[in-house]
Engineer: 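Sharing a structure with you now.
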There are 2 protein chains.
Amino acid sequence: MATIYDVARLAGVSPATVSRVFNGTSVSVEKSAAVRDAAAQLNFVPNRTARTLRRQSSEVIGLIIPDIENPYFTEMARGVEDVASEAGYSVVLCNSDAQTDKEATYLQIAMSENMSGVIIATASEESDLAPILATGRPLVAVDRSTTYDIDGVVMANRAAGTSATRALIDEGYQRIAYIGGPEHIDTAAERAAGWRDALTRAQPDVDVDALLRFATFRVDGGREVMEELLALPEPPDAVVAGNNLIGVGAIQVLTEHGLTPPKVGVAVIGSLPFTTLSPSAVTVVRLPARHMGVTAAKMLLGRIAGDDQPPRTVVLRNELQAASVAR
Amino acid sequence: MATIYDVARLAGVSPATVSRVFNGTSVSVEKSAAVRDAAAQLNFVPNRTARTLRRQSSEVIGLIIPDIENPYFTEMARGVEDVASEAGYSVVLCNSDAQTDKEATYLQIAMSENMSGVIIATASEESDLAPILATGRPLVAVDRSTTYDIDGVVMANRAAGTSATRALIDEGYQRIAYIGGPEHIDTAAERAAGWRDALTRAQPDVDVDALLRFATFRVDGGREVMEELLALPEPPDAVVAGNNLIGVGAIQVLTEHGLTPPKVGVAVIGSLPFTTLSPSAVTVVRLPARHMGVTAAKMLLGRIAGDDQPPRTVVLRNELQAASVAR
DNA sequence: TTGAAAGCGCTAACAA
DNA sequence: TTGTTAGCGCTTTCAA
């Protein structure tokens, strides 16, 4: 790999001049041309490691997510990446697998690699962001809120729970269960609260807790709990799924039982990107994942550029796509 | 951020000794303990950028894929990551978006960040791997084969096409169409060839070309072509989908037309991770994506460790999951 | 086993 | 506008 010195020698200038050419500071036209020529000849690529070491910051932003196999997060990643690469930044995608220790490792890497900033969907309440915040690196929390005073982008989770539930009520369903993600995750709790609001308003006497279940945010979680609900003496006639994967699992089980929606009503919070159902059979409260990524990336780039307003949290609105096929 | 010098001063040793402690070379027990103490006190994290600059290689491997939103590739990424992180490497995931220029940028980054090696599912035939190969960095091609003489891990694509088609024939379907990915991508061409083999063997007189269609490897691609096939004067009674997303699109369209499988037979090459169909309605030739990632990562780590055998290509076997519900 | 010192490739302060 | 030079934080010879 050619270095700046090789280029300098070939072009008959000093290394500093070569550096200037590649960093856009003032160099005479002739020298600039000579440097570009030499660089092309030598196939010169500036060494980012050296630049990073010198500058104490790199044009890389870290994106830490809890589940790389969840389309919700990859859609978000796309949003981050589009904005970042537009601005000349590359994105390093890290999968914490919802484990706090893996997450901590990636945060350490972000520090020791001098990344410019980090966007994180935390693995849990216990996530320790103090060390990286201590370095002064900008950090934006996405999807889940944190106990730290930092920028954030979240969904209108409670509203999502409410509007999913209302849609099912409007379609005429009577016993509307809820399958949420882990109780200790704030997004899960909020969505459940929205469901509870809507349900108790419509049916003040309903035994809400009999219809509430928590699962993992995965297909298996949705499957298990849906089976459980169907085995009830008085099973629900509709269900709200707390995220996309839970929705998939629940629908799979319903299908296997011959209860394809809308025989049993289903409303999913999130999206069903790879559904093979007729799109009109299920109500979806779409969470704008890509937009969340775009927003977070813009906030982060702003901070990197020096924006020092007080931290703020952006709440993104959902979009209701009600099922159009009644029972 | 504390440096090795701060730790050295606090521990009363030289910077070299601190380095040795963190790199496992011989240091006396007492000094070693003193260094660890000091490091803990100062919250010391070794600066990877400096280490990388000095060592001319980092414990990072690049993984470049053409579509981060395709579960096939994220499943593979999981495999890569599990092996890599086990070995102390981190994985940088880069999305080329099937564009050769973005891919070239990421390859440049891999070089200029001194990454230890790269695993790549190339964007196209035109991918230029020469520059990175010139640096001597190990490179493993996954999913798609290349024109370069390098290590590779691919699926048994032709066999996949054949066994998907045979399964449909065995189920009694007569007019079996094929929706493949872009013709110029070798995996797509191979799978189509496998379909052609099986079909012409079973029905020597069939007009194969009338039943063959190429699409993009995306849900939309599958949708468009499926609509096209259904509009035919003599539409097919079954279809082989060249990848997971095409399969999803095709099934969506069939469902919308009231032709839910197995009314029209469907065999998908790949997986349907988030399908909401009854699992027995569709034939799946499962491609072991995770295993592909695991294999590629092991090969790459082997090369990084110095393995210099001639390049080899591993072909992974598929697993047929035939539909169990007949028409 | 330990320390001194050079240098990885680049940028930026300073001087010309 | 250009060159000289110091130094980012680490590893690794070499010598003790």
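Atom set for the values below is all heavy atoms of this structure, side chains included, hydrogens, waters and symmetry mates excluded. Letters go in sequence order (proteins before strands), and every chain restarts at 1.
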Engineer: Any sub-3.5 Å donor-acceptor pair from B:R218's side-chain atoms to B:L245's backbone N or O?
Structural biologist: no
Engineer: Using only side-chain N and O atoms of B:S28, determine if any of them is under 4.0 Å from OP1 or OP2 of C:dT1.
Structural biologist: no
Engineer: According to a strict under-4.0 Å criterion, is A:S14 in side-chain N/O contact with OP1 or OP2 of D:dT4?
Structural biologist: no
Engineer: For B:Y72, which of B:N243, B:D143, B:N244 qualifies under side-chain hydrogen bond (donor to acceptor under 3.5 Å, both in side chains)?
Structural biologist: B:D143
Engineer: Can you tell me the distance, in whole Å, between the CD atom of B:E30 and the P atom of C:dT1?
Structural biologist: 11 Å
Engineer: Side chains of B:V18 and B:P15: does their closest heavy-atom pair fall under 4.5 Å?
Structural biologist: no
Engineer: Take the C1' atoms of the five end pairs on each side of the helix from C:dT1-D:dA16 to C:dA16-D:dT1, derive the two axes, and give their angle rounded to 10 degrees.
Structural biologist: 40°
Engineer: Would you call A:D308-A:R303 a salt bridge at under 4.0 Å N-O?
Structural biologist: no
Engineer: When you check every protein heavy atom under 4.0 Å of nucleotides 7-13 of chain C, what one-letter string (B, S, -) results, 5' to 3'?
Structural biologist: BBBBBBB
Engineer: Between B:R312 and B:D307, does any NZ, NE, NH1 or NH2 come within less than 4.0 Å of an OD or OE carboxylate oxygen?
Structural biologist: yes
Engineer: Just checking, is any N or O donor in the side chain of A:E103 or A:S127 under 3.5 Å from an acceptor N or O on the other one?
Structural biologist: yes
Engineer: Given 3.5 Å as the limit, does a donor-acceptor pair link the side chain of B:D186 with the main chain of B:S145, or not?
Structural biologist: yes
Engineer: Considering only residues two or more places apart or on different chains, which pairs with a residue in residues 35-59 of chain A satisfy ring pair (Phe, Tyr, Trp, His ring centres under 6.0 Å)?
Structural biologist: A:F22-A:F44
Engineer: Whole Å only: how far is the CZ atom of B:R9 from the P atom of C:dA4?
Structural biologist: 13 Å
